[in-house]
Amino acid sequence: MSETTPTNKPQWAMVIDLDRCTGCEACVVACNVENNVATVGAEEAAKGRTINWIRIERYFEGEYPDVRVKFRPVMCQHCEEAPCEPVCPVYATYHTDEGLNAQVYNRCVGTRYCANNCPYTVRSFNFFDHVWDAPLQKAWNPEVSVRSRGVMEKCTFCVQRIKAGEAKAKDENRDVKDGDVTPACVQTCPTKAMYFGNIADPTSEVAKLSKSSRATKLLEDLGTKPKVIYLNEGE
Amino acid sequence: MKRREFIILTGVGATSAGMLSACGHPEEKLIPALIPDDEYVPGIDVWKASTCAMCDAGCGIVVRTRDHKANKIEGNPQHPVNRGALCARGQAGLQVLYNPDRIKAPMKRVGERFSGQFAEISWDEAIKILADKLRDLSAIGKANSVHFFTNDRRGMTAHIATRFMEAFGSHAYLVNRLFNEDSAISGFLNSYPFVNKPVFDIANATFLLSFGARFLETWHSPILYSRAYGDFRRASGKVRGKFVQVEPRMSLTGANADEWLPARVGSEALVACAIAQVILREGLAKNTPDANFIKSFEAYSPENTAALTDIAAEKIIRIAREFAKSDRPLAITSSTIEMTKSLASLKWANFLNLLVGNINQKGGMLLLEKDYTFPLAKLDLPNGFSNIDYFKFPMMIADRPCEILMIHNFNPAYVVPATKKKLKTIPFIASFSSFMDETSELADLLLPDHTSLESWDINYAEATSEFIVNLTQPVVKPEFNTKQTADVFIALSRALGDKVAASISFSSIEETVKQGFTSFAKKETPALVKKKAAETDAEEDSWKPLSEKGFFINKLKNNPAYELESHQLLTNIPLTDSLLSDAYEDQEYPFALLVYEHPTLGVGEQANLPLLQELPDAMTSVMWGSWLEINPKTAAQLGIKDGDVVEIAVEEVAIGGDLRTIAQFEPIQLPAVLYAAIRPDVLAMPCGQGHTAYGRYATNKGVNAVVFTIGSAGNKRGILRAKVKRISNENKLIRFGTNLPEHIEIKR
Ligand code: SF4
Ligand code: SF4
């Protein structure tokens with residue numbers, strides 16, 4: 001786990017309002033398209049080999065007829081104390097000074113230790129080279145590399161959009177502000193359940209929302225210090 | 001355009017603007033739909049505005065393209081329907097454009113009829129073949145045996161086809177959606193011709209009572225209402241709204257409710273009546289009908305109806321009070337065939353809105369004046385066309401002479417497999433589908449249409465108090481050798497000459513759309529056109545700003561006259577429904593069967609998109625297949641476990657409790673899902689799968705549930721009853737998350 005060094009770089013974080021989220025999965029498809037996430041087909045899917053950077057968890061509570069359902073979008077939590085990082089023998093997964101848990105595809109040798117150590121099971125392994133039936137590959141996002149067999153992958157908080165947003169702020173000679181960076185999932189969400197921004201900036205929306213009495217983090221007691229904050233239902 | 005505006009317009013801004021800033025103001029040249037090669041800057045993102053075609057809601061989109069390829073679709077941030085958001089279907093739109101199973105060029109049949117063997121031909125030849133056939137028929141006075149069907153409900157194809165077909169001497173038909181919310185709504189409002197389709201102000205409501213309306217998935221305008229739902233829950237300065245859903249099987253929408261009332265199948269209207277009765281007897285109504293009505297309405301008390309609805313009277317009374325006493329109560333309902341007796345529930349749910357007086361109020365039901373003119377009126381297109389319901393198709397082709405069938409994006413061989421036999425007796429079939437679907441397989445001539453992202457079109461959408469005219473324009477050049485169907489009609493009309501040629505005066509769909517859109521916009525929003533035109537060179541005039549924006553708005557007025565009418569309406573509601581009389585027990589077929597529209601695969605139109613096939617169903621996690629939902633207690637009694645293969649036998653019985661069977665179906669087998677949120681006396685299955693054609697991703701996945709909804713072949717509609725038994729424990733379900741540990745095939 002990384003030594004935390006003081007930095008004036010932005011610290012990227014996400015807030016998800018579970019009271020707004022309807023479980024519609026628009027974010028899932030948006031992510032797949034933006035990040036060239038492969039579809040594996042029925043046969044491989046049956047073996048549990050789908051690639052998912054974000055998933056919607058669903059919980060049934062109670063018994064008929066008093067059933068209630070809860071949804072929760074789960075992606076890489078970009079933990080400050082990420083359990084996946086120290087177990088990588090080749091330093092393919094590491095922490096950036098902007099608080100991102102990054103993955104270097106061409107360094108990854110596919111031990112899958114990181115996936116085993118991730119308590120949120122958000123890492124997907126490429127068990128084989130994916131076939132993109134032509135011309136489906138024309139829809140690839142040229143800003144995002146396509147992963148091949150033997151490589152681990154996961155949510156990057158749309159790092160390509162972060163880089164573009166930072167470049168724009170730099171061009172304009174200012175710090176990044178809300179709205180500079182919008183990951184694909186956040187942008188498409190029909191109910192506006194997701195927020196993204198620099199949590200180190202106290203005026204940012206995510207910084208404010210993270211102080212809400214409804215704020216929680218997933219499996220917080222593991223000490224992973226996630227960078228994704230969930231707002232529960234209720235007042 | 002100022003750069004700032006451009007950034008707002010394109011939404012993401014981040015990516016595009018960062019790169020653009022390095023090279024002057026290329027955005028001045030970016031937006032026109034097709035950019036000449038010499039002006040194209042390699043490696044630079046170009047955003048183009050258009051309209052989503054994945055359902056009928058009409059969300060605005062902006063498409064990111066680079067080097068002539070489209071690589072992402074986002075919601076148009078300015079568009080009043082979706083304000084930058086898109087649903088799962090909308091996000092998958094690029095896989096329609098780049099689908100490997102598109103029909104790539106015009107083709108004619110070469111093998112035996114129905115052999116599915118085709119050879120590529122030129123467009124000239126294809127049009128000549130069809131024109132010759134049409135001319136020959138016309139010459140022997142059989143023009144009226146040519147029929148055109150389309151399910152393009154949004155755009156101009158139906159208009160142009162109608163003009164053509166009428167001049168030729170026959171008809172074009174527009175096929176309604178299978179799960180059609182619109183026609184029933186307009187049926188309800190028919191006596192009020194001054195109103196448009198109602199819009200519901202869910203965002204500002206404080207209590208939402210929904211009778212089976214899946215407004216977060218498939219109802220009217222999924223994004224418009226999802227956005228409203230977000231604010232309904234948590235807009236700042238507003239109390240958190242309460243949401244109650246009445247439906248026998250909990251949908252994704254129902255899963256978001258604070259309370260779920262699993263009323264018996266077909267009893268939604270009765271629940272609404274029982275709630276209304278409490279409101280009336282406790283004097284909680286803002287508008288009251290006359291005393292006679294209230295008296296006769298006593299029969300619908302929660303105490304009297306509890307046995308029929310299976311909802312305890314105390315619960316109804318509590319909800320009725322909460323509803324009526326809430327600041328801004330609102331009732332909504334589905335009117336699709338997913339609900340038996342949907343027309344009755346439409347009526348009685350809206351009766352609740354009248355009682356609490358929310359018509360044209362904040363947080364209520366908004367009835368908007370129908371004062372717009374049809375945007376293409378100038379171009380002299382027909383204003384109306386013949387609509388038919390999905391399930392009437394078999395009757396229609398059985399009833400009348402049919403020598404040539406021309407079919408566009410409508411797939412009867414999938415929806416009503418039984419009509420395949422009849423289709424095969426038609427001497428000549430021309431398909432305009434972009435994909436080799438079940439019906440195109442039977443065709444003699446294939447004239448593949450462009451997909452929406454390559455097409456020109458105009459259509460509309462409705463959003464709260466606004467009427468929106470949407471532009472569809474190509475975001476990339478056609479991927480294959482396809483041709484927009486409207487242009488095929490223009491070419492056919494020229495080939496046929498005379499009055500058919502005269503029926504279509506313009507020379508291309510592109511010209512029609514540009515002219516129609518501009519002239520209408522000029523009239524409706526002169527300010528926009530003028531201001532923008534002044535900034536650009538005169539030649540580009542008003543088209544460019546419009547095409548950059550992708551839509552324009554026509555504000556509608558709430559109708560003041562309506563207030564006066566609502567009291568009258570209250571007294572006019574007759575109590576003629578046989579709501580109290582038709583519960584029955586059926587020993588042999590003990591379950592009611594619900595067949596519902598899949599949230600993302602629809603009625604099978606989207607089954608050919610791998611992104612959506614592999615998207616786990618939100619409620620069951622199933623991918624790439626069909627399933628049958630059973631209550632766990634019922635399943636235990638029948639010895640059925642999660643994932644077991646079961647067989648269901650289905651029959652359709654007449655409404656009214658006389659148990660007369662009107663259709664019987666072949667039993668089908670599929671995997672069972674134990675589903676905690678369904679009534680024990682109900683089974684449910686989604687539509688969307690069971691294709692036998694329609695490309696590699698759709699073919700042979702799951703079973704076709706649509707067949708059950710069309711059973712009585714367009715006659716009287718009834719109730720579906722089913723029985724189920726376990727066949728084997730061979731688990732064929734493909735599910736996300738249930739088998740995360742890696743599956744090892746070879747022992748090491
Ligand atoms: S798009 Fe938004 S509402 Fe839909 S599942 Fe994702 S977070 Fe939830
Ligand atoms: S709601 Fe309909 S129009 Fe809007 S994005 Fe989804 S599919 Fe497209």
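Every chain is numbered from 1 and lettered A, B, ... according to where its sequence line falls, protein lines coming before strand lines.
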Quiz item: So, A/Arg68 side chain and B/Ala257 main chain: donor-acceptor pair closer than 3.5 Å or not?
Solution: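 Checked: pair present.
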Exercise. Verify, without hydrogens or angle tests, whether A/Arg58 (side chain) and B/Ala618 (backbone) share a donor-acceptor contact under 3.5 angstrom.
Key: yes
Return the option, out of [options], with the maximum number of heavy-atom pairs under 4.5 Å with chain B.
options	answer
A/Thr22, A/Val69, A/Asn141	A/Thr22
A/Ala139, A/Cys27, A/Gly62	A/Ala139
A/Cys189, A/Pro65, A/Ala42	A/Ala42
A/Thr191, A/Val28, A/Asp133	A/Asp133

Quick check for you: among [options], which has the greatest number of heavy-atom pairs under 4.5 Å with chain A?
options	result
B/Thr600, B/Asn99, B/Asp258	B/Asp258
B/Thr253, B/Thr620, B/Leu216	B/Thr620
B/Lys633, B/Glu259, B/Arg233	B/Arg233
B/Leu94, B/Leu615, B/Leu611	B/Leu615

Please report the shortest heavy-atom distance between [X] and [Y], naming the atom on each side.
X	Y	answer
A/Arg161	B/Glu74	NH2-OE2, 2.8 Å
A/Val67	B/Ala677	CG1-CB, 4.1 Å
B/Ile734	A/Ala46	CG2-N, 3.7 Å

If I measure from the heavy atoms of chain B, does [X] come under 4.5 Å with its side chain, its backbone, both, or neither?
X	value
A/Val37	neither
A/Lys192	side chain
A/Ala134	backbone
A/Ile56	neither
A/Glu63	side chain
A/Asn52	side chain
A/Ala38	backbone
A/Phe125	neither
A/Cys21	backbone

Quick one: what part of [X] sits under 4.5 Å from any heavy atom of chain A, side chain, backbone, both or neither?
X	value
B/Tyr697	side chain
B/Met250	side chain
B/Asn731	neither
B/Ala228	neither
B/Lys732	neither
B/Ala70	backbone
B/Pro632	neither
B/Pro262	both
B/Asp231	both
B/Glu479	side chain
B/Arg102	neither

Quiz item: Yes or no on side-chain hydrogen bond (donor to acceptor under 3.5 Å, both in side chains) for B/Glu614 and A/Thr39, after CA distance, side-chain angles and deciding distance?
Solution: CA-CA 7 Å; B/Glu614 203 161 294; A/Thr39 353; 5.2 Å; no
Quiz item: Around atom CG of A/Asp175, are there more than 12 heavy atoms of other residues, nucleotides or ligands at under 6.0 Å?
Solution: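 Counting neighbours around CG of A/Asp175, 12 or fewer heavy atoms of other residues, nucleotides or ligands fall under 6.0 Å, so no.
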